[in-house]
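A short worksheet on the structure shown next.
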Amino acid sequence: MLQISEEGSINATYSDESAGENRVTKATIKKKSKETDSDPDPLSLGPVTELSTGSLNGTSLTHTESVIEVPFSEDVSQAGEGSGGLTLGGNITVAVDGENVTDRYVLDADGAADGQVVVTSATPVGARAEVTVAVDAANDSADAETITPGAVDATVTDATVAEGDDANVYDNETVAFVAAEPNRAFDVSNATGAFVFTGRTGNGSQVFAFDTAARNWTGEHTIESTASGGSIAATTGVTLRELGLSVGVTDRNITTAEGIDARVSAADSGRAVDVALVAADDTIVDRRNRTLGGNGGATVEFGADSLAGAGPGNYTVNVTDAVTGTGVDSAPIRAVDADARTAAFGSTVVAEHAGDVAVFDLEFQYADTATVTLGGSDVGFRANATVEDRDGDGRVRLRFNTAAAATLTTLPDDGGAVFATAPAGNASDTTDAVIAADTDDRGAPSEALAPGEYGVTIRPGSNASTAETGVGTLTLRQPSPQRLDTWVAPADTTFGTAAEVSAAVEGGRLTTATAVATGDVAVHRVVAPGIAGALANTSGDTTEAFFELAGTDATDRYALNVTQRNPAANEDPYRLTLNNTTARVVADAVNDTYFVTYRGDGPAAVPWNGTAATGSADPDDPAPGDSLSAEFTVHDGGPFADLAPAERRVTAAHSLVAARVDADPPVVVTNATNQSIGGTTTLAPGTEFELRVQSSNGTEPRFLKTARATVGPAGGWNATVDFDAQHVGDTFTVQSTVDTVVSADDLAVDGEVRATLPQNTSTPTAQPTTTAAAGGAGGGIGAGGGGGGDDDRDRDTPSPEPTATATPTQSTDADESVVDSAQQYLGDAFATAVNNTDAESIRDRLFDFDVAVAVAALTVVVVYVSRRG
């Protein structure tokens with residue numbers, strides 16, 4: 001309670017603490033009695049409130065900037081010789097921050113009728129202003145006693161909610177609820193309908209002010225007010241919104257010779273904010289006051305002079321909302337001496353092929369932006385790119401498309417098709433960005449930057465004219481096709497990424513081949529530097545972009561053609577129709593490698609005379625027995641303009657064979673578990689198919705067993721079946737079920753259960769396993785043999801090379817216990833059958849033989865073992 005004592009001193013206490021209020025709810029001015037020193041019913045002064053809108057005592061406050069209500073518990077009048085209500089200046093004086101501003105206000109209500117005094121002004125009051133109202137020479141309604149002069153502080157509210165109207169306010173604001181009449185009672189509930197508190201405006205007052213921060217209010221609330229007769233007078237909705245105050249800085253790594261630019265934003269416009277530059281020890285270095293614009297934002301600049309005296313160190317920009325006191329800090333800002341901030345290249349020389357995408361690793365020291373300049377007037381090309389290290393790890397990986405650079409004369413700020421950032425080792429690197437870019441207008445553009453050397457420079461910051469802190473060289477080599485290999489994968493295999501291709505190579509499901517079974521997937525692996533930039537600059541997915549650039553016209557970038565080599569007499573050879581509906585393309589552009597996949601007998605075959613189609617597609621082609629040649633050719637243009645004709649093409653040949661599964665009859669097993677059944681097939685290595693083993697010739701009891709077989713790298717297959725429940729002499733048939741094999745070529749072979757397996761006493765013919773040479777391509781997934789060389793290529797480490805698929809040779813003895821690539825590798829030195837091996841590992845069993853086998857070589861040996869019963 002605020003009370004003016006007999007001596008005129010002012011003492012303040014806070015009430016309504018249980019509701020979380022932090023405001024004066026009742027102020028009492030003790031009056032002097034002419035007849036006694038005490039009075040059982042003193043004249044009291046309610047909370048004095050400053051607000052902005054509403055209606056007080058019939059006065060509309062909609063367009064008023066400042067309103068002060070001074071409520072008394074009963075009618076008041078002038079003391080002394082005067083008569084009538086109180087007067088402004090005579091009885092009521094207003095001060096703002098200690099300055100008498102009474103002359104700015106007008107008196108709208110003098111308190112004579114109901115004890116309510118209202119003064120208004122067109123001049124706004126600041127959110128943090130201290131408003132004081134002094135009361136002098138006032139009598140009660142009976143004009144019997146005079147109030148001792150005194151002064152009270154007014155509660156300055158941030159938002160006004162008129163009774164019966166819905167309103168939106170912001171979190172932590174002090175809200176004034178303005179009722180339609182004095183002494184209004186009301187209840188407050190939250191969004192769930194739960195009761196929050198009850199209140200009353202009081203005698204002589206239409207206003208109740210409450211602090212949403214003190215009450216921890218968020219979301220929606222309802223104020224239900226009650227009329228004097230007990231009925232509901234009105235329902236008022238109050239929704240609290242988040243202010244969304246934030247501050248960002250343009251550069252978090254600066255020098256003491258630079259300024260700091262900060263951007264303040266909020267969800268509300270016109271708000272006053274205090275912006276301070278704060279040192280690490282909480283010292284305020286500089287301060288600015290701003291009012292947010294119509295878009296809720298404002299820019300604040302602290303010039304270089306702000307840091308001149310403070311020196312190097314860590315700083316933040318603190319923003320405080322003047323209304324609610326809500327404060328936010330910017331990210332830390334590091335200020336260093338000017339000569340300590342640098343930007344450099346991770347490698348001073350970057351080598352790439354013309355037409356491809358070059359990658360620069362940038363390293364920052366006390367900087368989060370840097371500008372790279374590539375080229376200059378001496379090479380007829382120049383471009384700038386400013387990058388931002390948004391994750392603060394001191395690294396940015398910048399990509400430069402050498403093909404797109406030559407076709408554009410202007411660049412957008414994000415680098416467009418020419419510049420982009422790429423991950424440099426962790427997921428957060430994806431937040432790095434190109435924030436500015438430009439290039440010279442060079443007139444008529446070419447299709448790609450020419451091979452040669454281009455100087456590059458780097459400097460911290462966004463100004464390309466400042467001194468560089470790092471220099472380097474981009475070397476663009478002459479590109480040419482390097483190789484073309486044909487691989488094979490099991491039917492229905494699909495690849496979506498280069499990583500999936502690599503996994504298939506490592507898992508033996510993708511191998512080089514000279515023969516592709518009908519129904520299996522043919523894969524052409526093309527190593528072709530110089531096309532990555534154009535692919536990246538072409539719309540669509542990888543497949544669409546690849547075939548968009550492919551074609552036989554001179555304006556096309558390249559062509560991939562698969563043509564028949566052995567046409568019938570007097571017939572044109574056919575060419576497969578490869579496009580984005582019949583084939584798929586996976587790119588490993590870092591290694592200049594592209595995988596074109598399609599079903600071996602899938603694309604339509606159109607007769608071709610070398611320059612044009614000579615007829616419609618033949619539904620019977622392609623067919624088993626056809627020999628095909630794949631050719632990849634780059635056209636005369638762009639980065640390939642200086643290539644000789646012989647350097648423009650690479651080829652590979654393969655044949656189509658019928659898909660079939662074979663095994664030598666009869667299949668012999670013993671009546672034991674884990675019996676091995678094997679054979680050969682033309683299907684791709686890694687293919688899995690089902691075997692059905694069914695009793696035959698009246699064998700009792702009858703049985704049906706199923707097993708899964710997997711094709712090995714040399715074309716052999718093997719499955720394990722349990723026969724421990726069968727008897728010696730039982731007979732059975734073994735059949736395969738493969739969707740891509742016609743029924744006539746499916747396996748159908750007889751078998752018999754015997755007491756023992758016959759020993760293999762003959763020396764099998766060695767079957768050579770051909771592993772394609774590493775070649776000179778220097779990279780790519782499964783870099784295989786053949787093709788041209790390039791010993792100095794700047795490429796990543798290649799994935800494993802697949803083993804070439806040799807045409808399988810069937811065993812001449814169905815009972816031999818080892819029929820696999822181990823015999824091919826070890827030859828005559830490994831002519832003893834491996835039996836009764838139980839759980840002993842293949843590696844351990846090989847060491848039991850007295851043969852000279854390098855440990856490293858054992859990793860490529862696969863052994864199929866038949867077990868005795």
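This chain uses plain numbering: 1 for the first residue, then up along the sequence.
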Quick one: do the [X] and [Y] side chains pair a donor with an acceptor below 3.5 Å?
{"X": "Asn384", "Y": "Thr373", "value": "yes"}
{"X": "Asn579", "Y": "Thr577", "value": "no"}
{"X": "Asp572", "Y": "Thr614", "value": "yes"}

Minimum heavy-atom distance [X]-[Y], with the two atoms named:
{"X": "Arg557", "Y": "Pro639", "result": "NH1-CD, 4.0 Å"}
{"X": "Gly678", "Y": "Ala663", "result": "O-CB, 3.7 Å"}
{"X": "Pro622", "Y": "Pro603", "result": "CD-O, 3.7 Å"}
{"X": "Asn537", "Y": "Ala417", "result": "OD1-CB, 3.0 Å"}
{"X": "Val596", "Y": "Ala583", "result": "CG1-CB, 4.2 Å"}

> Yes or no on side-chain hydrogen bond (donor to acceptor under 3.5 Å, both in side chains) for Thr386 and Thr371, after CA distance, side-chain angles and deciding distance?
Replying inline: CA-CA 4 Å; Thr386 300; Thr371 299; 2.8 Å; yes
> Looking at Val521, Val505, Thr511, Val516, which one forms a side-chain contact (heavy atoms from CB on, under 4.5 Å) with Trp487?
Replying inline: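 Result: among Val521, Val505, Thr511, Val516, Val505 is the only option passing the side-chain contact (heavy atoms from CB on, under 4.5 Å) with Trp487.
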>> Here's a test for you: under side-chain contact (heavy atoms from CB on, under 4.5 Å), which of Leu683, Thr687, Thr710, Leu691 qualifies with Trp717?
In response: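 Exactly one candidate clears the test, Leu691.
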Output yes when a side-chain donor or acceptor of [X] lies under 3.5 Å from a complementary backbone atom of [Y], and no otherwise.
{"X": "Asn401", "Y": "Gly533", "result": "yes"}
{"X": "Thr402", "Y": "Gly355", "result": "yes"}
{"X": "Asp389", "Y": "Gly394", "result": "yes"}
{"X": "Glu571", "Y": "Pro567", "result": "no"}
{"X": "Thr421", "Y": "Asp432", "result": "yes"}
{"X": "Asp601", "Y": "Ala623", "result": "no"}
{"X": "Ser736", "Y": "Leu747", "result": "yes"}
{"X": "Asp520", "Y": "Ala684", "result": "yes"}
{"X": "Asn566", "Y": "Gly625", "result": "yes"}
{"X": "Glu544", "Y": "Asp541", "result": "yes"}

Could you state the interatomic distance from [atom1] ([X]) to [atom2] ([Y]), rounded to the nearest 0.5 Å?
{"X": "Thr493", "Y": "Glu500", "atom1": "OG1", "atom2": "CD", "value": "11.0 Å"}
{"X": "Glu631", "Y": "Thr651", "atom1": "CD", "atom2": "OG1", "value": "7.0 Å"}
{"X": "Leu576", "Y": "Asn561", "atom1": "CG", "atom2": "CG", "value": "9.5 Å"}

Salt-bridge test for [X] and [Y]: reply yes if a basic N is under 4.0 Å from a carboxylate O, no otherwise.
{"X": "Asp636", "Y": "Arg648", "result": "yes"}
{"X": "Asp361", "Y": "Arg397", "result": "yes"}
{"X": "Asp588", "Y": "Arg525", "result": "no"}

>> Working note: Leu560 + Leu484, criterion side chain to side chain contact (heavy atoms under 4.5 Å, CB included); need CA distance, chi angles, decisive distance, verdict.
In response: CA-CA 10 Å; Leu560 174 64; Leu484 191 157; 4.0 Å; yes
Step through the shown structure and confirm whether more than 12 heavy atoms of other residues, nucleotides or ligands are within 6.0 Å of [atom1] on [X].
{"X": "Asp492", "atom1": "CG", "answer": "no"}
{"X": "Asp553", "atom1": "CG", "answer": "yes"}
{"X": "Glu548", "atom1": "CD", "answer": "no"}

> Given Asp356 and Arg399, is the salt bridge (Lys or Arg N to Asp or Glu O under 4.0 Å) satisfied, shown in steps?
Replying inline: CA-CA 10 Å; Asp356 283 339; Arg399 300 182 58 177; over 6 Å; no
> Taking it one step at a time, do Gln478 and Leu643 satisfy side chain to side chain contact (heavy atoms under 4.5 Å, CB included)?
Replying inline: CA-CA 8 Å; Gln478 174 63 61; Leu643 283 180; 3.8 Å; yes
>> Once you measure the plane-to-plane angle for Phe360 and Phe400, does it fall in the parallel (<30°), tilted (30-60°) or perpendicular (>60°) bin?
In response: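 Taking Phe400 first and then Phe360, their aromatic rings sit tilted (interplane angle of 30° to 60°).
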So do [Y] and [X] actually touch side chain to side chain, heavy atoms under 4.5 Å?
{"X": "Thr439", "Y": "Val418", "answer": "no"}
{"X": "Leu628", "Y": "Leu656", "answer": "yes"}
{"X": "Thr473", "Y": "Val350", "answer": "no"}
{"X": "Phe640", "Y": "Pro479", "answer": "yes"}
{"X": "Pro451", "Y": "Arg477", "answer": "no"}
{"X": "Pro573", "Y": "Thr563", "answer": "yes"}
{"X": "Leu411", "Y": "Phe419", "answer": "yes"}
{"X": "Tyr594", "Y": "Ile531", "answer": "yes"}

>> Set out, in order, the CA-CA distance, both residues' side-chain angles and the distance that settles side chain to side chain contact (heavy atoms under 4.5 Å, CB included) for Thr542 and Val586, then state yes or no.
In response: CA-CA 7 Å; Thr542 302; Val586 174; over 6 Å; no
>> My understanding is that only residues two or more places apart in sequence, or in another chain, count here; which of them pass salt bridge (charged side-chain N to carboxylate O under 4.0 Å, His left out) with Arg575?
In response: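 Testing Arg575 for salt bridge (charged side-chain N to carboxylate O under 4.0 Å, His left out), a comparison that skips the adjacent residues, returns none.
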> Taking only residues at least two apart or on different chains, which pairs with a member in residues 504-558 satisfy ring-ring contact (aromatic ring centres under 6.0 Å, His included)?
Replying inline: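 ring-ring contact (aromatic ring centres under 6.0 Å, His included) check on residues 504-558 returns His524-Tyr598, His524-His654, Phe546-Tyr558, Tyr558-Phe632.
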